[in-house]
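For reference, the structure I am asking about is given below.
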Amino acid sequence: QVQLVESGGGLVQAGGSLRLSCAASGSTFSINAMGWYRQTPGKQRELVALISSSGITNYADSVKGRFTISGDNAKGTVYLQMNSLKPEDTAVYYCYLLLWRAYWGQGTQVTVSS
């Protein structure tokens, strides 16, 4: 059984920063990738950032230059440093883990006020 526990969401003013954390527990050997997705009401969940087991990162165009993903796939931890936040970044952020299948965290709310 694999579980993902997220933390670090909250309310911040535009231009501010937040750091999201995610820790995986359970049978997490052979992690292929970890990352973050986000979702707003009525929209599909979208990729924010991914980091592969080899350290290769991938970002959505909308967050490049503002967000930084880091982590240790061997330990099952992933972080998302979010700077220069904008109101359009408001969403529920989900931790993502790819083993032989995908696993999702419960989500953490990020709200950016203008």
Side-chain angles (χ1 to χ4, degrees):
Q1 188 75 9
V2 175
Q3 288 188 324
L4 300 174
V5 178
E6 302 139 332
S7 61
L11 173 64
V12 65
Q13 288 189 333
S17 299
L18 284 174
R19 179 178 167 87
L20 304 183
S21 300
C22 177
S25 62
S27 301
T28 58
F29 56 90
S30 297
I31 292 176
N32 291 307
M34 295 190 74
W36 296 91
Y37 283 70
R38 65 187 181 188
Q39 189 171 22
T40 54
K43 293 188 177 181
Q44 286 191 334
R45 195 169 294 186
E46 63 174 7
L47 170 70
V48 177
L50 282 175
I51 183 167
S52 73
S53 57
S54 58
I56 296 172
T57 58
N58 185 30
Y59 294 93
D61 287 343
S62 60
V63 306
K64 284 180 181 177
R66 300 188 297 121
F67 291 11
T68 302
I69 189 170
S70 62
D72 187 338
N73 281 1
K75 295 182 179 179
T77 55
V78 66
Y79 308 96
L80 186 68
Q81 179 66 44
M82 304 185 293
N83 298 329
S84 302
L85 282 160
K86 304 175 181 180
E88 51 263 44
D89 294 317
T90 295
V92 178
Y93 285 69
Y94 294 91
C95 181
Y96 167 84
L97 168 67
L98 181 62
L99 298 174
W100 60 275
R101 50 152 283 192
Y103 292 86
W104 299 92
Q106 79 283 1
T108 185
Q109 177 70 45
V110 171
T111 302
V112 184
S113 63
S114 57

- Query: Between T40 and A91, what is the shortest heavy-atom contact and its length?
  - Reply: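 The answer is CG2-CB, 3.6 Å.
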- Linking directly or through intermediates, with side-chain heavy atoms under 4.5 Å: list the remaining ILVMFWY members grouped with Y37, chain and number order.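 Direct or chained contacts put Y37 with L47, L50, V92, Y94, Y96, L98, W104.
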- Message: Using every non-hydrogen atom in the two residues, find where G9 and V110 come nearest and quote the distance to one decimal.
- Response: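 So the minimum-distance heavy-atom pair works out to CA-CG2, 4.2 Å.
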- Message: According to side chain to side chain contact (heavy atoms under 4.5 Å, CB included), who are the partners of S53, at least two apart in sequence or on a separate chain?
- Response: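 Counting only residues at least two positions away or on another chain, S53 forms a side chain to side chain contact (heavy atoms under 4.5 Å, CB included) with N73.
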- Query: Quick one: side chain to side chain contact (heavy atoms under 4.5 Å, CB included) partners of V5, sequence neighbours excluded?
  - Reply: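 Side chain to side chain contact (heavy atoms under 4.5 Å, CB included) check on V5 returns nothing, list empty.
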Considering only distance and modelled atom types, tabulate donor-acceptor pairs under 3.5 Å from the side chains of residues 18-27, sequence neighbours left out.
none

- Query: Sequence neighbours excluded, which residues qualify as side chain to side chain donor-acceptor pair (under 3.5 Å) partners of N58?
  - Reply: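 Scan of N58 (side chain to side chain donor-acceptor pair (under 3.5 Å), adjacent residues dropped) gives none.
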- Query: Who are the side chain to side chain donor-acceptor pair (under 3.5 Å) partners of T77, not counting sequence neighbours?
  - Reply: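 Scan of T77 (side chain to side chain donor-acceptor pair (under 3.5 Å), adjacent residues dropped) gives none.
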- Message: A side-chain contact here means heavy atoms from C-beta on lying under 4.5 Å apart; do W36 and E6 qualify?
- Response: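 Answer yes - side chains close enough.
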- Task: Using modelled atom types only, decide if a donor and an acceptor are shared between the side chain of T108 and the backbone of S7 within a distance under 3.5 Å.
- Result: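 No, the answer is negative, given that no donor and acceptor are paired below the 3.5 Å cut-off.
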- Message: Could you work out, with side chain to side chain donor-acceptor pair (under 3.5 Å) as the rule, every residue matching Q3, not counting sequence neighbours?
- Response: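 Counting only residues at least two positions away or on another chain, Q3 forms no side chain to side chain donor-acceptor pair (under 3.5 Å).
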- Message: Considering only residues two or more places apart or on different chains, which pairs with a residue in residues 49-83 satisfy ring pair (Phe, Tyr, Trp, His ring centres under 6.0 Å)?
- Response: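 Every pair satisfying ring pair (Phe, Tyr, Trp, His ring centres under 6.0 Å) with a residue in residues 49-83: there are none.
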- Query: For residues 24-43, which residue pairs qualify under salt bridge (Lys or Arg N to Asp or Glu O under 4.0 Å), counting only residues two or more places apart or in two chains?
  - Reply: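 Found R38-E46, R38-D89.
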- Query: Can F29 be reached from W100 by stepping across I, L, V, M, F, W or Y side chains whose heavy atoms are under 4.5 Å apart?
  - Reply: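 No, W100 and F29 fall in different hydrophobic clusters.
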- Query: Which residues satisfy the side chain to side chain donor-acceptor pair (under 3.5 Å) test with E88, sequence neighbours excluded?
  - Reply: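 E88 satisfies side chain to side chain donor-acceptor pair (under 3.5 Å) with no other residue.
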- Not counting sequence neighbours, list each pair that qualifies as a salt bridge (Lys or Arg N to Asp or Glu O under 4.0 Å) and has a residue in residues 104-114.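 Not a single pair qualifies under salt bridge (Lys or Arg N to Asp or Glu O under 4.0 Å).
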- Query: For A14 and S114, which heavy atoms make the closest approach, and how far apart are they?
  - Reply: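 Closest approach of A14 to S114, heavy atoms only: CB-CA, 4.4 Å.
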- Not counting sequence neighbours, which residues clear side chain to side chain contact (heavy atoms under 4.5 Å, CB included) with S52? List them please.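 Partners of S52 by the side chain to side chain contact (heavy atoms under 4.5 Å, CB included) criterion, ordered by chain and then number, come out as S54, I56.
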- Query: So, do Q109 and L11 sit near enough that their side-chain heavy atoms are less than 4.5 Å apart?
  - Reply: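 With C-beta onward as the side chain, the pair stays apart.
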- Query: Checking side chain to side chain contact (heavy atoms under 4.5 Å, CB included) for the pair C95/V78: CA distance, chi angles, key distance, verdict?
  - Reply: CA-CA 8 Å; C95 181; V78 66; 3.8 Å; yes
- Looking at M82, K86, Q81, which one forms a side chain to side chain contact (heavy atoms under 4.5 Å, CB included) with R66?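 So, applying the side chain to side chain contact (heavy atoms under 4.5 Å, CB included) to R66 and each of M82, K86, Q81, only K86 qualifies.
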- Item | Heavy-atom closest pair, residues N32 and L99 |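 Between these two residues, the closest heavy atoms are ND2-O, 2.7 Å.
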- Between V48 and V63, which heavy-atom pair has the shortest distance, and what is it?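 Heavy atoms only, the tightest pair is O-CG2, 3.6 Å.
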